[in-house]
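The structure appears below as structure tokens.
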Amino acid sequence: MFTKILIANRGEIACRVAATARRLGIATVAVYSDADADAKHVAACDEAYWIGPAAAAESYLRADRILAIAERCGAQAIHPGYGFLSENEGFANAIAAAGLVFIGPPAAAIAAMGSKSAAKDLMGKAGVPLVPGYHGAEQDAGYLKGQADEIGYPVLIKASAGGGGKGMRIVVQSADFEAALQSCRREAKNSFGDDRVLIERYVQQPRHIEIQVFADSHGGCVYLFERDCSVQRRHQKVIEEAPAPGMPPERRQAMGEAAVAAARAVGYVGAGTVEFIADQAGNFHFMEMNTRLQVEHPVTEMITGYDLVEWQLRVASGEALPVTQKQLAIHGHAIEARVYAETPLKNFLPSIGHLAHLRTPEASNFAGQGSPALPGGGRAVLPVAVRIDSGVRENDDITPFYDPMIAKLIVWGADREQAIARMKQALACYEVAGPGTNIEFLARLMRNESFGAGELDTGLIERERADLLPEPAAPSLRTLAIAAAAVLANEANAARRTAAPASGSAADPALDTPSDWSDPWSAPSGWRSASVLARLLPFTDSAGSYAVEVDYHRDAYLVRLAGEAISLADVRLDAATRRLRCRCGDEVIEVGCVIDGETIDLFLEQGPRAIGYAPPLAHAGDEAVDPGRLTAPMPGKVIALLVASGERVAAGQPLVIMEAMKMEHTIAAPYDGEIKQILYAVGDQVIEGARLIEMGAA
């Protein structure tokens, strides 16, 4: 077994590998970029070395720097995690040439499966069923379009060297092919340094089923059953679960044996995933093989009871697999939800920002109930009902340089119904303030009838859009009253920090009610002896603006809006725990509450709610918004300008393409008009809200 390894990655996978290595007595070495100097994975390892600037191309993709650090610190092996260099044949060869161990498959296996086109040819010769398509070397745009026309629409354009949903476009008609091809190639070049593509017939209502395989250097190879990864947005997975709902045992065995055959065909060693696309009738076709550990590997660990990272370390050090295929069995059901910093209602655009507040559900041991008896040796994963794999902590920043995933939230249940129930409970306890998140979207997904019934395919999110992504609705008076309670309690806390009570005792920010002040004239309650103070609180959210009236009474407040009223009393905000307590009508309420600038984040039982609050004079001098100034919806890089100054454009016409966190976003003209000025060039980095183009009316 190794005594020291270098982890050539960041985020939750680096933390995950460090935790398993520590348990096995292996020292770990982290690498970090400028953006990650204080990151969680750096603290999780025994040593850490700076590797370069924030951009991945100058840090985590620099194989030469990683190898130099490994040799300098005395590491015996390098774990690549996933993403970055994990499936880079040259990196694996360079590690071997340096006399170190690559904790992954042989470079030849990476090469065989690294090109989707070559892999499909190999699988076709091995008799594995394939989706009709073109996987050849000819990459002329006209030739590719001809192939697509011959295959028949809809078709799927995919980056040949791609993965993770990057460099993938669905084309439904011939006229759209050229633009989709250009976009796919740009994204593929940016993500993988290779703009070659393949074309396949797009399977209608497909399910994405993948098989976890593991092989050792002694001839052993097993499959650890399947994961259903059909629930996707932007061709990227959102929910993964194991086993796949409705999977018959005979099909599970057929897919598992096909995956093992694929691994053996390339002399595979280590952890890998063979991905299949399946139609609703149960027919399955080889899609690709990921020659690394997958992001969603925890659900496999939860149903089998084995630590796959430990298996990686043991197999890479020359040990045999601890079990045979016959000794493996499925126990219960596991679901993983990817908690992202993103804005679902803006087409899941990445969101960056400071994690001002991060409160997670507690991982809970279910005391071994239903815990599998694990044959064959090896250490089992501690069975838990809730597990969180994360690479960030409170007060960290989500930057535009890397994937915006905050955490993987994984739950286990005796069956799928219990697993869904536990996921609902866990999401209700997950609080994030700062960047936007998909937590409310995930909660809606868990409540969705189609998902609950196991009616899964890759189009589920779009098909259920009305339920999963409804237009913003105005908050109830109760919600606005809670927001008002937050403002009032926060003001009282601020007053106590600047003025002690008349008795001269120290201020206590937890005491915010009028009765806490012996001098009524200096109390922050607003109470008057001969009249009622009425105040207007302006609130906003994504659905609109609300002028809430608050009447101050001696022991309570009356909150009014549009002829309705509700009382507030006993209003207190604990600044340390960020818990707001109040009596709202006849109900005693305690909720999470974070006030950051002009945003109030409320974590209500029905889901998180962000309410904007700005005092009336706060923006008195601000300029009026000019709709002719098109702005960046997120921080990122300008990668294409599709118009020129002086050009006349039509409403909806694409003007600029931006890229952030390896995702493209197209900015279109809001109306018919003329391009007055282009303010940035291709390659420029811009901040969120930056003016990109000035337009004038036609």
Distance in Å, I335 CD1 paired with L442 CG, rounded so as to fall on 0.5 Å steps: 11.5 Å

Rounded to the nearest 0.5 Å, how far does CG of L692 lie from CG of L641? 9.0 Å

Any Lys/Arg nitrogen of E394 or R578 sitting under 4.0 Å from an Asp/Glu carboxylate oxygen of the other? yes

For D601, check salt bridge (Lys or Arg N to Asp or Glu O under 4.0 Å) against everything at least two apart and list the hits. none

Do F348 and Y340 have their ring centres less than 6.0 Å from each other? no

Mind telling me whether F603 and H357 have parallel, tilted or perpendicular rings, with 30° and 60° as the class edges? tilted

Cationic N near anionic O, under 4.0 Å, E342 to R233: yes

Exactly one of Q232, E296, E336 should register a side-chain hydrogen bond (donor to acceptor under 3.5 Å, both in side chains) with K237. Which one does? E296

Grab the two heavy atoms, one from P298 and one from D389, that are nearest each other, plus how far apart they are. CG-OD2, 3.7 Å

Between R535 and E491, does any side-chain N to carboxylate O distance fall below 4.0 Å? yes

Residues E240 and R338 bridged, charged N to O under 4.0 Å: yes

Identify the two heavy atoms, one from P435 and one from H354, that lie closest to each other, and give their separation to 0.1 Å. CD-O, 3.5 Å

Please report the shortest heavy-atom distance between A407 and Y430, naming the atom on each side. CB-OH, 3.1 Å

Any salt bridge between R609 and E440, counting N to O under 4.0 Å? no

